[in-house]
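See structure below.
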Protein chains: 2
Amino acid sequence: MSATPDIRPAEQGSKQRLRLWLRLLAVTRKIEAELRERMRTEFDSTLPRFDVMAALSRNEQGLRMSALSGVLRVSNGNVTGIVDRLAEDGLVMRVPVAGDRRATLVRLTAKGAEVFARQAADHEGWIDAMLAELSADEARSYAARLRTLAQRLDDKGASE
Amino acid sequence: MSATPDIRPAEQGSKQRLRLWLRLLAVTRKIEAELRERMRTEFDSTLPRFDVMAALSRNEQGLRMSALSGVLRVSNGNVTGIVDRLAEDGLVMRVPVAGDRRATLVRLTAKGAEVFARQAADHEGWIDAMLAELSADEARSYAARLRTLAQRLDDKGASE
DNA sequence: CATAAATGTTTTAAGTATGAAATAAATTCT
DNA sequence: AGAATTTATTTCATACTTAAAACATTTATG
């Protein structure tokens with residue numbers, strides 16, 4: 001029966017986690033805003049376009065629309081418009097899938113691959129500069145911690 | 001002149017930081033998606049609406065549109081539509097500023113404050129559950145690290 | 001084989017995002 | 001005071017976002 005008030009550990013933890021989330025959100029948004037701005041001014045492009053091209057770059061044989069939206073974790077309908085615009089610019093192409101006339105495969109064109117390579121190099125450099133404060137070891141350890149956290153979130157999501 | 005190949009520490013660090021960024025983005029998006037989904041199903045609302053109400057809740061006397069967009073770090077024009085819809089629902093009101101007919105103050109209505117209180121309590125609970133894996137101390141230390149990182153990013157942005 | 005169910009994609013409706021242009025009002029300058 | 005500039009907000013054009021509906025095609029089932 002001390003005179004100090006109860007700290008109520010559960011509630012305390014909740015506040016700490018809320019604070020962490022708000023900071024996480026703030027940092028992520030700030031970095032994203034910077035990347036978007038640079039994509040816009042230096043490549044006249046956007047992050048979603050870059051994300052799509054990155055996914056296609058890792059799958060040279062192409063990806064179906066559904067696979068693409070799965071990889072990027074955005075809704076199916078969303079990818080349609082982005083691919084439309086990339087196709088208009090000649091950066092990707094739609095290829096029919098033999099034996100399934102519902103599906104289409106999306107692939108980078110030669111021009112698309114070339115453009116993406118340049119963008120990816122700069123993109124990595126921008127991030128490196130923004131996170132320069134973190135040592136390689138520190139970056140590695142945080143990435144590992146986030147990995148287990150993401151895993152846990154995935155498990156939870158799957159069980160619901 | 002050893003036979004082991006150069007590791008090129010700078011490039012290594014760059015890859016680690018890129019990986020960290022991608023994980024950060026993945027975790028943030030996953031949590032955001034979960035919060036959005038819950039806001040939608042349980043309160044028929046959205047995160048941007050919640051963010052605006054949270055900012056107004058911290059400033060009972062009200063905020064100008066420009067202050068609001070500054071706090072939320074979204075563009076000015078964007079906030080107009082969100083406040084419009086909140087006003088339609090009777091959750092916020094626009095109050096003229098005495099002595100400056102250009103400006104308007106936005107404030108939570110009584111109903112808005114009441115609705116927000118309920119949403120905020122649940123919101124904190126959702127985050128607490130998603131980050132339950134982290135101890136209060138761990139959350140605190142990560143939050144502190146992110147704070148210095150955010151500070152550094154702000155400094156950089158200001159100098160450009 | 002014909003219909004029902006499932007799958008792959010696009011379209012639609014509503015909301016959110018940006019940057020830039022437009023509008024309106026206040027302040028500063030001459 | 002009158003003109004030029006700055007400040008506060010809205011409007012506009014375009015892109016991205018989701019969820020849900022619509023459409024087309026394939027696979028499964030009776």
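Naming: A, B, ... by sequence-line order, numbering from 1 per chain.
The side chain of A/Asn78 places an N or O atom within less than 4.0 Å of a non-bridging phosphate oxygen (OP1 or OP2) of D/dT17. Between B/Arg101 and C/dA26 there is a side-chain polar atom (N or O) within less than 4.0 angstrom of OP1 or OP2. Distances shorter than 4.0 Å separate none of the side-chain N or O atoms of B/Arg73 from OP1 or OP2 on C/dA17.
Between A/Ile82 atom CD1 and D/dT18 atom C1' there is a gap of 12 Å when expressed in whole angstrom units. Between A/Phe50 atom CZ and D/dC16 atom P there is a gap of 14 Å when expressed in whole angstrom units. Note: CG (B/Asp84) to P (C/dT16) measures 11 Å, nearest angstrom. Atom CZ of B/Arg29 is separated from atom C1' of D/dC16 by 11 Å (rounded to the nearest Å). The distance from atom NZ of B/Lys30 to atom C1' of D/dT17 is 17 Å, rounded to the nearest whole Å. C/dT18 atom P lies 10 Å from atom CG of B/Leu72, rounded to whole Å. What separates CD of A/Glu34 from P of C/dG19 is a distance of 12 Å, to the nearest Å. Atom CG of B/Leu68 is separated from atom P of D/dT10 by 11 Å (rounded to the nearest Å).
Looking only at distances, no side-chain donor or acceptor of B/Arg94 sits under 3.5 Å from a matching main-chain atom of B/Thr104. Of the possible donor and acceptor atoms, one in the side chain of B/Thr109 sits under 3.5 Å from a partner among the backbone N and O of B/Gly90.
For the pair A/Thr46 and B/Glu37, both in contact range of DNA chain D, the more 5′-proximal nearest nucleotide belongs to A/Thr46. When each of A/Ala67 and A/Arg40 is assigned the nucleotide of DNA chain C bearing its nearest heavy atom, the one mapping closer to the 5' terminus is A/Ala67. Both B/Leu47 and A/Thr80 lie close to DNA chain C; mapped to their nearest nucleotides by heavy-atom distance, the more 5′-ward contact belongs to A/Thr80.
Taking the charged nitrogens against the carboxylate oxygens, A/Arg49 and A/Asp44 have no contact shorter than 4.0 Å, which rules out a salt bridge. For the pair B/Lys30 and B/Glu34, the salt-bridge criterion is not met [side-chain N within less than 4.0 Å of a carboxylate O]. Salt-bridge formation is detected for the pair A/Glu133/B/Arg145: a Lys NZ or Arg NE/NH1/NH2 atom is positioned less than 4.0 Å from an Asp or Glu carboxylate oxygen. Salt bridge annotation for A/Glu37-A/Arg40: present, with a cationic side-chain nitrogen under 4.0 angstrom from a carboxylate oxygen. Classification of B/Asp89 and B/Lys111 as a salt-bridged pair fails, no side-chain N sitting under 4.0 Å from a carboxylate O.
The A/Arg94 side chain lies nearest to C/dT10 when the options are D/dA15, C/dA17, C/dT10.
In this structure, B/Val79 reaches neither bases nor backbone, as no heavy-atom distance under 4.0 Å exists between it and the strands shown.
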N/O to N/O distances under 3.5 Å, protein versus nucleotides 2-8 of chain C:
| from | atom 1 | to | atom 2 | distance (Å) |
| --- | --- | --- | --- | --- |
| C/dT7 | O2 | A/Arg102 | NH1 | 2.8 |

